[in-house]
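So that we are looking at the same thing, I have put the structure below in structure tokens.
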Amino acid sequence: MLTIAPKGTKDMLPSEAYKWHFIEKAFADVCQKYGFKEIRTPIFEHTELFVRGVGDTTDIVQKEMYTWEQAKRSLTLRPEGTSAVVRAIGEHKIYADPQPTKLYYNIPCFRYEKPQSGRLRQFHQFGVEVFGTNNMMADAEVIALAYDFINGLGIKDVELQINSIGCPNCREAHRAALREFLKPNLEEFCDTCKDRYDRNPLRMLDCKSPVCQELVKGAPTMLDYLCDDCKTAFEDLKSNLTALEIEFVVNPGIVRGLDYYNATAFEFVTNSIGAQGTICGGGRYDNLSESIGGPPIPGVGFGLGKERLLLVLEANGIEIPNEEGINTLVAFMGDKPKHAALKLVKELRAANINVEIDCLARNLKGQFKYADRLGAKNTIVIGENELEDGKVTIKKMETSEQVIVDFKLENIIEEIRK
RNA sequence: GUGGGUGUAGUCAAGUGGUUAAGACAACGGGUUGUGGCUCCGUCAUGCGUGGGUUCGAAUCCCAUCACCCACCCCA
């Protein structure tokens, strides 16, 4: 038990680490191109931040948070990124900087859920947020950034789906109309949908049960109930995306599960990685800051799951280049050569060359085999003979060609850099 | 929380009640003391997720338990 990591967590081993480095760099690069700066907030926050931000009726708050009491405070490991960022920009009055404020982050999040493919209890996400405007240009930029990032990695089978979930006013009107429509046939729906009827009837629209799908046909969609402002905004967003040549489909079934969202909702979805196909999800949250007691600050952003992204990359057969390996192994025979080898290794490393030495002190054959396994381009041999002659033997591993050069650092460096 | 699947070495596995638990890859050692990728030899589970039980005998049957995977719900 103690020898196994807790359920829903994963060790990131060296054989995977280079992939994470790669996507992290790619994401940071795209963000920089779009003018986003990184923000890092604490891994835990006051519980109340999430209760009021994410919403006290959501599954996340009701049953998925890691919460504990300490010194009469209730603290919670962040289950998502946006609330804390909103808290931070209010706290530090960043809204006084030139607007908009464009931020990105790369964080672990924690939710107590039953793990499955593409879902862990500690998971990792990228996110971006744009604050200080409710202009749909910001929404378009946020979507464009995600689109660029995903496409830039070579992913083909991901679809952008967008929707508008309106403002609190038009959403209420739609809910009422929806319940009105569904009520006559309520008994025929599946059990989950019966639950959804009260909690969130919108969810009934994308139930997977064929029976429900049939019953739901012709139901009033949110888009039919948007108020004039919301309707204009949604049209504005679509025209912006079109201008950016970003392909999208309107999916009225997209409903954000966090209470703070309004207006724009979008997801990047794939069906190549199992049931949890949303690799990126986001939207607008103009009332979040106020609902946590901060100043009014409109915002829009997304979260992008890194584990899911890596699953998609694998499903798409996209190979992530491994990081630069070892250039040279310095092999030695005997005690005096060992010390000479250690010193040479140190000097080569100081010259910024990736060098290894065999700490198992195997025989020469073993050291060559080790060099081979490491993928070293060169093996340098230092034995008693070389020390006496003031030379070293350098073998090019690919061609098996061997040269003997004077035991001088610059000669050696010149040879192994060839 | 509810379902389904799977647990034999670092990895992939054979084995379905009877003597010392195949095999492959990896790892490590070596093939007469200085050269890798090929080849050859050797080492590597008193142990079959864990605990009980049935039996003369259990990796194999029964019960319990744990872990992992997948799906529902929900979300990244």
Side-chain angles (χ1 to χ4, degrees), chain A residues 1-10 13 15 54 57-64 78-82 105-127 146 190-193 195-196 199-200 203 206-209 254-258 261 266-270 273-283 301-312 329 331-334 337 358 360 362-386 393-402:
Chain A
M1 181 84 174
L2 287 180
T3 55
I4 300 170
K7 187 193 282 284
T9 67
K10 261 203 161 69
L13 300 173
S15 55
V54 175
T57 62
T58 59
D59 279 7
I60 293 176
V61 168
Q62 286 194 340
K63 50 189 193 193
E64 296 178 358
R78 63 171 164 232
E80 58 95 37
T82 302
Y105 52 80
N106 173 8
I107 57 170
C109 293
F110 305 85
R111 291 182 202 170
Y112 181 78
E113 293 190 271
K114 199 135 175 192
Q116 67 186 72
S117 181
R119 168 188 295 160
L120 292 166
R121 288 180 176 177
Q122 176 180 336
F123 62 102
H124 301 80
Q125 58 176 226
F126 298 127
C190 70
D191 288 345
T192 9
C193 277
D195 281 347
R196 287 164 168 156
R199 273 192 304 142
N200 192 350
R203 281 277 171 211
D206 59 355
C207 180
K208 290 174 183 71
S209 150
I254 292 202
V255 186
R256 306 273 73 215
L258 289 70
Y261 285 107
F266 64 90
E267 293 184 1
F268 287 84
V269 185
T270 178
I273 59 168
Q276 309 305 320
T278 298
I279 63 168
C280 175
F302 67 74
L304 193 155
K306 287 158 73 176
E307 284 86 357
R308 291 183 188 177
L309 178 69
L310 287 168
L311 288 174
V312 176
L329 178 112
F332 60 92
M333 310 187 57
D358 179 23
L360 273 65
R362 279 169 280 226
N363 62 22
L364 191 63
K365 180 181 175 139
Q367 294 185 58
F368 266 95
K369 196 165 179 179
Y370 185 48
D372 187 54
R373 300 305 303 252
L374 293 175
K377 296 182 184 70
N378 308 285
T379 301
I380 295 176
V381 180
I382 303 178
E384 301 286 357
N385 300 346
E386 279 81 359
T393 305
I394 300 176
K395 180 168 181 175
K396 294 275 165 197
M397 296 302 278
E398 267 177 40
T399 59
S400 291
E401 174 195 354
Q402 278 195 168

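Small disclaimer: the values here were computed from a predicted structure and weren't measured. To find a chain, count down the sequence lines: A is the first, B the second, and so on, and within it residues start at 1.
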| request: Using the side chain to side chain donor-acceptor pair (under 3.5 Å) rule, take A:Q367 and A:T379 through it: C-alpha gap first, then chi angles, then the decisive distance, then the call. | output: CA-CA 9 Å; A:Q367 294 185 58; A:T379 301; over 6 Å; no
| query | Using the P atom in both, what is the distance from B:U11 to B:C68, to the nearest Å? | reply | 15 Å
| said: Please determine whether any donor N or O and acceptor N or O are separated by less than 3.5 Å between the side chain of A:K395 and the base of B:G36. | reply: yes
| request: Could you tell me whether A:G127 contacts a base, only the sugar-phosphate backbone, or nothing, with contacts defined as non-hydrogen atoms closer than 4.0 Å? | output: nothing
| field | Protein-nucleotide distance (A:K63, atom NZ; B:C72, atom C1'), rounded to Å | value | 11 Å
| task | Rounded to whole angstrom, note down the C1' distance from B:C61 over to B:U2. | result | 29 Å
| task | Provide, to the nearest angstrom, the distance between the CG atom belonging to A:N385 and the P atom belonging to B:U33. | result | 14 Å
| A:V381, nearest nucleotide to its side chain (from B:C72, B:G34, B:C74) | B:G34
| query | Can A:E267 and A:T278 be counted as having a side-chain donor-acceptor contact under 3.5 angstrom? | reply | yes
| said: Taking any heavy-atom pair under 4.0 Å as a contact, classify A:A371: base, sugar-phosphate, or nothing. | reply: nothing
| A:C109 near the nucleic acid: base, sugar-phosphate alone, or nothing, with a heavy-atom cut-off under 4.0 Å? | nothing
| field | Sugar-phosphate only, base, or nothing, as touched by A:E80 at under 4.0 Å among non-hydrogen atoms | value | nothing
| said: I want to check one thing: is the phosphate of B:C70, taken as OP1 and OP2, less than 4.0 Å away from some side-chain N or O of A:S117? | reply: yes
| task | Look at the side chain of A:Q402 and decide which nucleotide, out of B:U35, B:C73, B:C69, has an atom nearest to it. | result | B:U35
| Tell me, for nucleotides 26-32 of chain B in 5' to 3' order, what letter each nucleotide earns: B for a base near a protein heavy atom under 4.0 Å, S for only sugar-phosphate near one, - for neither? | SSSSSB-
| said: Quick check: on RNA chain B, is the nucleotide nearest A:G383 upstream (toward 5') of the one nearest A:Y112, or the reverse? Name the residue that is more 5'. | reply: A:Y112
| request: Mind calculating the distance between CZ (A:F368) and C1' (B:G36) to the nearest angstrom? | output: 7 Å
| query | Can you find a donor-acceptor pair, distance only, under 3.5 Å between A:E386 side chain and B:G34 base? | reply | yes
| Do A:N106 and A:K306 come within less than 4.5 Å of each other through their side chains, counting heavy atoms only? | yes
| Rounded C1' spacing from B:C56 to B:U50 in Å | 26 Å
| said: Under 4.0 Å from OP1 or OP2 of B:U35: is there any side-chain N or O of A:Q367 that close? | reply: no
| request: Choose from B:C73, B:G34, B:A76 the nucleotide whose nearest atom is closest to any side-chain atom of A:D59. | output: B:C73
| query | Checking only heavy atoms, does the side chain of A:E113 share a donor-acceptor pair with the base of B:A76 at less than 3.5 Å? | reply | yes
| note | When rounded to the nearest 0.5 Å, the distance separating NZ of A:K63 from OG1 of A:T58 is 10.0 Å
| message | As a test of reading the structure: which of B:C72, B:C68, B:C69 is closest to the side chain of A:K7, going by heavy atoms? | response | B:C68
| query | Contact class for A:L364 vs. all strands (heavy atom < 4.0 Å): base, sugar-phosphate, or nothing? | reply | base
| query | A:G366 and A:N363: which non-hydrogen atoms are nearest, and at how many Å? | reply | N-OD1, 2.7 Å
| field | C1' gap between B:C62 and B:C73, integer Å | value | 35 Å
| task | Starting from P on B:G37, measure out to NZ on A:K396 and report it in whole angstrom. | result | 20 Å
| field | Any A:Q125 side-chain heavy atom under 4.5 Å of A:Y105 side chain | value | yes
| Is the distance from OP1 or OP2 of B:A71 to the nearest side-chain N or O of A:Q116 less than 4.0 Å? | yes
| query | Is A:R111 side chain donor-acceptor paired with the B:C74 base, going by distance under 3.5 Å alone? | reply | no
| request: Using the C1' atom as the reference point in each nucleotide, state the distance between B:G52 and B:C44 in Å, no decimals. | output: 31 Å
| message | When the C1' atoms of B:U6 and B:C12 are compared, how many Å lie between them, rounded to an integer? | response | 15 Å
| Pairwise 5' ranking along RNA chain B for A:G281 and A:T393, keeping only the more 5' one | A:T393
| Euclidean distance, atom CG of residue A:L310 to atom P of B:A76 [Å, nearest integer] | 18 Å
| said: Do A:L304 and A:F268 have side chains that approach each other closer than 4.5 Å (heavy atoms only, starting at C-beta)? | reply: no
| task | Pick the P atom in B:U43 and in B:C48, then give their distance to the nearest Å. | result | 23 Å
| said: Here's a test for you: under side-chain contact (heavy atoms from CB on, under 4.5 Å), which of A:K395, A:M397, A:E401 qualifies with A:T399? | reply: A:E401
| request: Could you give the distance separating B:A13 and B:G4 at their P atoms, to the nearest angstrom? | output: 24 Å
| task | May I ask you to test the A:N378-A:K396 pair for a side-chain heavy-atom distance under 4.5 Å? | result | yes
| field | Non-hydrogen side-chain atoms of A:I254 and A:V269 separated by less than 4.5 Å | value | no
| query | For the base of B:C74, is there a side-chain donor-acceptor partner from A:E64 under 3.5 Å away? | reply | no
| query | Taking C-beta and beyond as the side chain, do A:R121 and A:P115 meet within less than 4.5 Å on heavy atoms? | reply | yes
| request: Kindly write out the residues that satisfy ring-ring contact (aromatic ring centres under 6.0 Å, His included) with A:F302, not counting sequence neighbours, or none if the list is empty. | output: none
| query | Donor-acceptor pair under 3.5 Å: do we get one between A:T379's side chain and the base of B:G36? | reply | no
| said: Are the side chains of A:E80 and A:R111 in contact, using a 4.5 Å heavy-atom criterion? | reply: yes
| field | Nearest-Å distance for atom pair NZ/P, residues A:K114 and B:A67 | value | 10 Å
| task | Can you tell me the distance, in whole Å, between the CZ atom of A:F302 and the P atom of B:A76? | result | 12 Å
| For RNA chain B, stems built from three or more consecutive Watson-Crick or G-U wobble pairs below 3.5 Å | B:1-7 with B:66-72, B:10-12 with B:23-25, B:27-30 with B:40-43, B:49-53 with B:61-65
| task | Nearest whole angstrom, please: distance from the C1' of B:G10 to the CG of A:L13. | result | 12 Å
